[in-house]
Undergrad: 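Take this structure, written in structure tokens, and hold onto it; I'll ask about it next.
Here, residue 1 is the first one in the sequence, and each next residue gets the next number. What you see below is based on every heavy atom in this structure, not just the backbone, and it leaves out hydrogens, waters and symmetry mates. Indexing begins at 1, ligand by ligand and atom by atom, following the structure's order.
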Amino acid sequence: MKIAVASDHGGFKLKEEVKAHLLERGLEVLDLGTHNEDSVDYPAYGKACGEAVVSGQADVGIVVCGTGIGISIAANKVKGVRCGLCTSVEMATLTKQHNNANVLALGGRTTETGLAMQIVDAWLDTEFEGGRHQRRVDMLDQM
Ligand code: RB5
């Protein structure tokens, strides 16, 4: 599985940690930047990650900014993206089971590293439930 990762400066440190964690799990990573803590604009990175997923360059994506809010808004502007901002393992599990989120958003300044890795693992290891949730996901994708 190939995972696109992207962040702004506020999410850079956690993005690097997530990347190392994914590589340790034996997954392929497409790093779309940013590559240091110089100030950049999160919309560009959310868009790039969303586009990588929708175009098939990556299977899924993980985006990180200071709170995860701005970059998740940006990713969700790309048609076909279902990006869920998660601050708990329960949210990560549910955003896969119910929303079939193809992009996960994290807050680099709001979620500590250990919890962030548990969130990443829960999201990767959970299956979409389908059924009644498929209809709702289809509705999202038609918007
Ligand atoms: C950047 O300072 C900060 O606004 C950004 O990382 C993010 O938190 C926006 O939602």
Undergrad: For ligand 1, what is the set of protein residues having any non-hydrogen atom at a distance below 4.0 Å?
TA: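 Within 4.0 Å of ligand 1, the protein residues are Asp8, His9, Tyr42, Cys65, Gly66, Thr67, Gly70, Arg109.
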Undergrad: Out of Ile62, Leu104, Val103, which one pairs with Cys83 under the side-chain contact (heavy atoms from CB on, under 4.5 Å) rule?
TA: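 Exactly one option meets the side-chain contact (heavy atoms from CB on, under 4.5 Å) with Cys83, and it is Val103.
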Undergrad: Quick one: are Leu14 and Ser7 in side-chain contact, heavy atoms under 4.5 Å?
TA: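 The answer is no, as the side chains (C-beta and beyond) never meet within the 4.5 Å cut-off.
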Undergrad: Any salt bridge linking Asp125 with Lys96? Criterion: basic side-chain nitrogen under 4.0 Å from a carboxylate oxygen.
TA: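 Salt bridge between Asp125 and Lys96, a charged N being under 4.0 Å from a carboxylate O: no.
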Undergrad: Less than 4.5 Å apart, any side-chain heavy atom of Asp31 and any of Glu16?
TA: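 With C-beta onward as the side chain, the pair touches.
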Undergrad: Between Val40 and Asp8, what is the shortest heavy-atom contact and its length?
TA: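 Heavy atoms of Val40 and Asp8 come nearest at CG2-CA, 3.7 Å.
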Undergrad: For residues Asp138 and Gln134, is any side-chain donor paired with an opposing acceptor at under 3.5 Å?
TA: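 A donor-acceptor contact under 3.5 Å links the two side chains.
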